[in-house]
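A quick write-up on the structure given underneath.
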Amino acid sequence: MQRNTPLACKIVKQIYTVYGKAAFLSKPSVFICVNNLPLWIVLASFRLIDCIICSDWLINICRRKKELKARTVWLGCPEKCEEKYPKNAIKNQKYNVFTFIPGVLYEQFKFFLNLYFLVVSCSQFVPALKIGYLYTYWAPLGFVLTVTVVREAVDEFRRYKRDKEMNSQLYSKLTNQRIPSDMVFLRTSEKTGSCFIRTDQLDGETDWKLKVAVSCTQRLPALGDLFSINAYVYAQKPQLDIHSFEGTFTRVGLLDLELNQLTKALFLALVALSVVMVTLQGFVGPWYRNLFRFLLLFSYIIPISLRVNLDMGKAAYGWMIMKDDNIPGTVVRTSTIPEELGRLVYLLTDKTGTLTQNEMVFKRLHLGTVSYGTDTMDEIQSHIINSYSQNSGNSTSSTPSRKPQLSAPKVRKSVSSRIHEAVKAIALCHNVTPVYESRAGVSGETEYAEVDQDFSDENRTYQASSPDEVALVQWTESVGLTLVNRDLTSMQLKTPGGHILTYYILQIFPFTSESKRMGIIVRVILGVFWVLCGNMAREGLRTLVVAKKSLTEEQYQDFESRYNQAKLSIHDRNLKVAAVVESLEREMELLCLTGVEDQLQADVRPTLEMLRNAGIKIWMLTGDKLETATCIAKSSHLVSRTQDVHIFRPVTTRGEAHLELNAFRRKHDCALVVSGDSLEVCLKYYEHEFVELACQCPAVVCCRCSPTQKAHIVKLLQHHTGKRTCAIGDGGNDVSMIQAADCGIGIEGKEGKQASLAADFSITQFKHIGRLLMVHGRNSYKRSAALGQFVMHRGLIISTMQAVFSSVFYFASVPLYQGFLMVGYATIYTMFPVFSLVLDQDVKPEMALLYPELYKDLTKGRSLSFKTFLIWVLISIYQGGILMYGALLLFESEFVHVVAISFTALILTELLMVALTIRTWHWLMVVAEFLSLGCYVASLAFLNEYFDVAFITTVTFLWKVSAITVVSCLPLYIIKYLKRKFSPPSYSKLTS
């Protein structure tokens with residue numbers, strides 16, 4: 001070990017150069033021992049299997065945190081591993097075989113509604129409290145739980161199938177495919193040991209990054225030697241990483257929480273009513289038992305069928321979404337929150353792959369006096385062909401045959417000459433490498449043989465750290481100047497005539513966010529050529545300014561001496577290096593400006609416009625550079641052309657943040673662009689002030705955001721505004737943001753399926769979010785609100801009738817309806833018409849898309865509020881009182897007639913109230929109405945225990961029932977007509 005220390009230090013230094021300091025600080029450290037030589041290298045973090053268990057007590061028992069340990073993996077010898085490690089598998093399931101039933105039951109009974117009915121049902125086992133048949137309580141509760149368990153089982157099985165599909169993918173030859181594991185880069189077919197990788201699942205960016213293999217394994221003679229070396233990988237235990245997460249994500253919609261609050265209010269009303277009844281009794285006898293019996297009699301105030309109706313409705317909404325031909329490929333992965341899509345206020349979106357396709361297209365070349373667009377590129381091509389055809393005698397260089405004379409008089413160049421110089425500069429100033437596929441297949445012994453390489457134009461692809469550079473090189477190829485080869489010291493260009501021009505690379509100055517430019521110094525046959533590209537974003541195009549400067553040999557030697565001396569400085573090295581480089585950036589010759597467009601996803605602009613009109617505020621959170629993010633915000637019309645943009649200056653201290661916030665406060669109606677570092681400082685010292693100001697902006701762009709910051713911003717909006725948030729993205733770096741939002745939407749794109757698998761809803765294109773929110777989200781919320789309130793009305797009206805009945809008969813705790821009447825009332829007699837409300841709609845989908853302003857009303861929560869709830873309570877009290885008092889006034893001489901008249905009028909009233917609530921009739925609604933009525937009429941023949949068959953077939957019975965029903969419903973129809981005439985809702989104005 002000691003003898004190899006100097007060599008180990010060299011390797012550490014090499015890997016430090018390749019990966020950077022951040023690799024050793026932010027990622028799990030791994031070292032390889034090759035022949036007892038420790039080598040440190042960096043791996044991506046090990047994937048954590050997310051076991052989601054809903055029950056808190058099950059978490060403590062079944063999901064104890066495992067102690068993370070270091071790993072030792074032998075290369076080619078798995079049998080030497082002392083410990084078996086878990087499989088590298090994806091798991092999105094919420095439960096396992098043992099936790100499914102306890103978990104589902106906990107999720108149901110943590111809601112007050114179901115817990116209350118569990119207590120009520122259990123009370124019927126006490127003889128003194130029993131007021132009816134056991135099945136009248138346990139049958140509805142069992143039905144609700146059965147439906148819930150089946151729904152959860154279906155969802156869980158779908159998650160299992162998705163996981164199995166992903167985990168069963170096998171790889172024979174890995175060609176442009178994802179490798180779903182952490183890797184050690186040991187060897188490559190490239191002689192230099194270099195390889196381009198993509199980290200889009202970590203940071204969301206699909207550009208290529210250069211990595212270098214471990215030197216000692218790269219030097220092995222053949223690929224097969226990797227399996228014969230004595231080596232193992234030692235990986236330290238997983239550390240905190242930007243893309244790893246632990247936790248339980250159980251989604252509960254706001255509507256469920258609101259209904260849970262309303263059921264608590266109903267419970268208080270139930271207790272108050274029971275206390276009043278006992279008080280009017282005079283607290284005689286065992287009053288506490290009477291109190292509990294009244295609680296049981298009025299228990300239908302809280303309808304047990306509320307949850308099951310809503311859950312079945314949500315399942316129906318999900319089915320409608322997935323069957324919509326206008327948004328093909330949409331998948332509903334969480335069937336519990338579709339109505340959340342109808343109440344969103346903030347939409348937080350990723351950039352790369354979500355708003356853009358991450359495909360760069362060269363759009364414009366500007367020479368100062370003349371500009372060329374996509375329709376005039378053929379002119380540039382003809383100029384290039386003519387320029388090189390005149391110099392066809394020189395096959396090695398396109399430079400003049402004499403040394404550059406800097407003091408020569410300036411002569412105005414022709415357009416052809418200027419185009420030639422500009423295209424050549426663009427073809428040289430980049431970090432692009434041409435790559436050719438090997439024809440040797442899987443043969444490893446001939447991997448370095450050039451005879452196995454196909455160097456044809458059709459087999460060539462370009463790889464670079466920036467897609468902009470690839471677009472520029474592809475454009476120069478299209479006009480005739482092609483990059484055919486490149487290594488660390490030289491590059492070769494092919495002219496339109498097929499001649500090869502060789503340029504030797506002396507220095508490269510990469511693009512940095514500070515300098516916002518890159519440069520390259522190349523040596524030609526005679527002289528040194530210095531090219532500079534500077535970044536300047538305007539008009540939505542990614543714009544570069546290209547300039548050049550010719551250097552004499554003496555000038556370059558002087559620069560190289562100063563540059564090397566600056567790189568060896570101990571203090572202020574970066575500043576000194578930058579100063580030396582900037583000394584060259586003087587008296588340069590401006591060549592051209594280029595415009596490259598990052599192609600947007602289809603219909604991004606009209607979709608964003610629709611969302612803004614719907615009152616949804618859009619925030620773009622991206623890991624990309626500030627200039628690129630601002631550029632896309634303008635080109636996508638997230639920020640309109642007439643709108644001011646305030647770019648938040650970089651701040652590092654509390655004082656700087658305070659000054660910048662004051663400057664931002666003076667701006668009005670302007671979009672905000674802020675970097676992740678500045679955002680972190682502002683949130684540390686002025687969280688409330690910053691969020692308050694940002695929420696007033698029409699649009700916000702956060703650049704250089706880590707996945708953790710994205711999730712933090714979502715939680716900040718939820719905490720400070722109390723509004724509903726939605727996050728949409730397509731990469732693994734968006735998962736934390738998607739899961740932190742109230743509603744998560746994933747896009748299946750180039751960055752894989754990780755975001756779509758973790759989201760509540762999965763779509764194929766960003767434009768589909770418009771219809772998903774404006775049509776399906778709006779309908780789901782309004783339907784669920786109407787369905788929930790009607791189910792509560794159904795329980796309130798029968799409880800009102802019970803209260804009137806008990807009051808008339810000296811406050812006796814005797815049930816009005818028993819046995820099958822109570823079960824049938826909540827099921828076959830009224831269930832189908834009430835559930836048919838999930839088909840109702842106030843406007844057609846085309847109208848909802850044409851007028852997105854209709855969506856604004858939903859964010860205020862007016863469809864389900866205490867005001868609408870109280871209206872339904874008053875309706876229930878009125879109708880319940882009319883039905884019961886009317887039956888008592890009209891019944892003959894026997895009590896059974898009261899039951900027959902009142903119950904029949906109750907069923908008819910409920911069917912008419914459903915018809916009153918419906919805004920747009922569907923043929924299934926008509927079927928449900930007549931089916932329920934037919935079931936009730938048919939069942940009268942079998943209800944001899946409750947009804948007098950001879951009486952219910954008389955005309956007297958029919959007119960009494962009709963009279964009571966008309967009195968209970970006709971005033972409501974009149975009120976509805978008058979309201980629509982004098983105060984119509986917004987949607988009715990459009991439909992008329």
Subject >> side-chain contact (heavy atoms from CB on, under 4.5 Å) assessment of Leu787 paired with Val838 >> reply: CA-CA 7 Å; Leu787 179 62; Val838 301; 4.0 Å; yes
**OP:** List the steps and the verdict of side chain to side chain donor-acceptor pair (under 3.5 Å) for Gln841 and Thr920.
**Re:** CA-CA 6 Å; Gln841 62 180 20; Thr920 303; 5.1 Å; no
Subject >> Candidate pair Glu469 and Met518, rule side-chain contact (heavy atoms from CB on, under 4.5 Å), full reasoning >> reply: CA-CA 11 Å; Glu469 294 182 315; Met518 75 155 292; 3.4 Å; yes
**OP:** Go through the steps to decide whether Ser636 and Leu608 satisfy the test side-chain contact (heavy atoms from CB on, under 4.5 Å), and finish with yes or no.
**Re:** CA-CA 8 Å; Ser636 65; Leu608 292 177; 3.9 Å; yes
Original post:
When you look at Leu772 and Ile321, which way does the side-chain contact (heavy atoms from CB on, under 4.5 Å) test go after all the steps?
Top reply: CA-CA 8 Å; Leu772 188 64; Ile321 292 173; 3.7 Å; yes
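Between the side chain of Thr630 and the backbone N or O of Leu626, at least one donor-acceptor pair lies under 3.5 Å. No side-chain donor-acceptor contact under 3.5 Å links Gln643 to the backbone of Val639. Remark: side-chain polar atoms of Tyr855 are not paired, donor with acceptor, to backbone N or O of Ala848 under 3.5 angstrom. At least one donor-acceptor pair closer than 3.5 Å links the side chain of Arg333 to the backbone N or O of Ser756. Of the possible donor and acceptor atoms, one in the side chain of Ser736 sits under 3.5 Å from a partner among the backbone N and O of Pro707. Between the Ser640 side chain and the His637 main chain, no donor and acceptor come within less than 3.5 Å of each other. Using a distance-only test at 3.5 Å, with no hydrogens or angles considered, no donor-acceptor pair links the side chain of Ser780 to the main chain of Gly777. A distance-only check finds no donor-acceptor pair linking the side chain of Ser675 to the backbone of Arg704 [under 3.5 Å]. Under a 3.5 Å cut-off, the side chain of Gln599 and the backbone N or O of Gln357 do not form any donor-acceptor pair. Remark: side-chain polar atoms of Asp760 are paired, donor with acceptor, to backbone N or O of Gly744 under 3.5 angstrom.
Atom CD of Glu609 is separated from atom CG of Asp603 by 13.0 Å, given to the nearest 0.5 angstrom. Between Ile728 atom CD1 and Met620 atom CE the span is 13.5 Å, to the nearest 0.5 Å. Considering OG1 of Thr652 and CG of Asp677, their distance stands at 10.0 Å, rounded to 0.5 Å. With rounding to the nearest 0.5 Å, the separation of NZ in Lys351 from OG1 in Thr356 is 4.5 Å.
Checked for salt-bridge contact, Glu107 and Lys110 meet the test: a charged N lies under 4.0 Å from a carboxylate O. Comment: Asp350 engages Lys710 in a salt bridge, judged by a side-chain N to carboxylate O separation of less than 4.0 angstrom. Contact check on Arg919 versus Asp840 returns a salt bridge, with a Lys/Arg side-chain nitrogen under 4.0 Å from an Asp/Glu carboxylate oxygen. Electrostatic pairing of Glu853 and Lys856 does not count as a salt bridge here, judged by no charged N lying under 4.0 Å from a carboxylate O. Classification of Asp644 and Lys667 as a salt-bridged pair fails, no side-chain N sitting under 4.0 Å from a carboxylate O.
When each of Leu341, Val843, Leu773 is tested with Arg778 by the rule side chain to side chain contact (heavy atoms under 4.5 Å, CB included), just one qualifies, namely Val843.
In summary, the side chains of Thr868 and Gln789 do present a donor paired with an acceptor at a separation below 3.5 Å, with no hydrogens or angles considered. Remark: the Gln709 side chain and the Glu680 side chain contain an N/O donor-acceptor pair separated by less than 3.5 Å. The closest side-chain donor-acceptor pair between Glu748 and Thr764, if any, does not fall under 3.5 angstrom. In this model, no donor atom of one side chain and acceptor atom of the other lie less than 3.5 Å apart for Glu687 and His719.
Counting heavy atoms from C-beta on, the side chains of Met774 and Met610 come closer than 4.5 Å. Between Leu837 and Thr917 the shortest side-chain heavy-atom distance falls below 4.5 Å. Residues Glu339 and Lys314 are in side-chain contact: their nearest non-hydrogen atoms beyond the backbone lie under 4.5 Å apart. In this structure, the side chains of Cys697 and Trp619 stay at 4.5 Å or more apart for every pair of heavy atoms. Side-chain contact between Ile618 and Tyr346 is absent, with no heavy-atom pair separated by less than 4.5 Å.
Relative orientation of the His658 and Tyr686 rings is tilted, given thresholds of 30° and 60° on the angle between their planes. By the 30° and 60° cut-offs, the orientation of the rings of His646 relative to Phe664 is parallel.
Residue Arg649 places its CZ atom among 12 or fewer non-hydrogen atoms of other residues, nucleotides or ligands, all under 6.0 Å distant.
Aromatic rings from His776 and Tyr317 are positioned such that their centres are separated by 6.0 Å or more.
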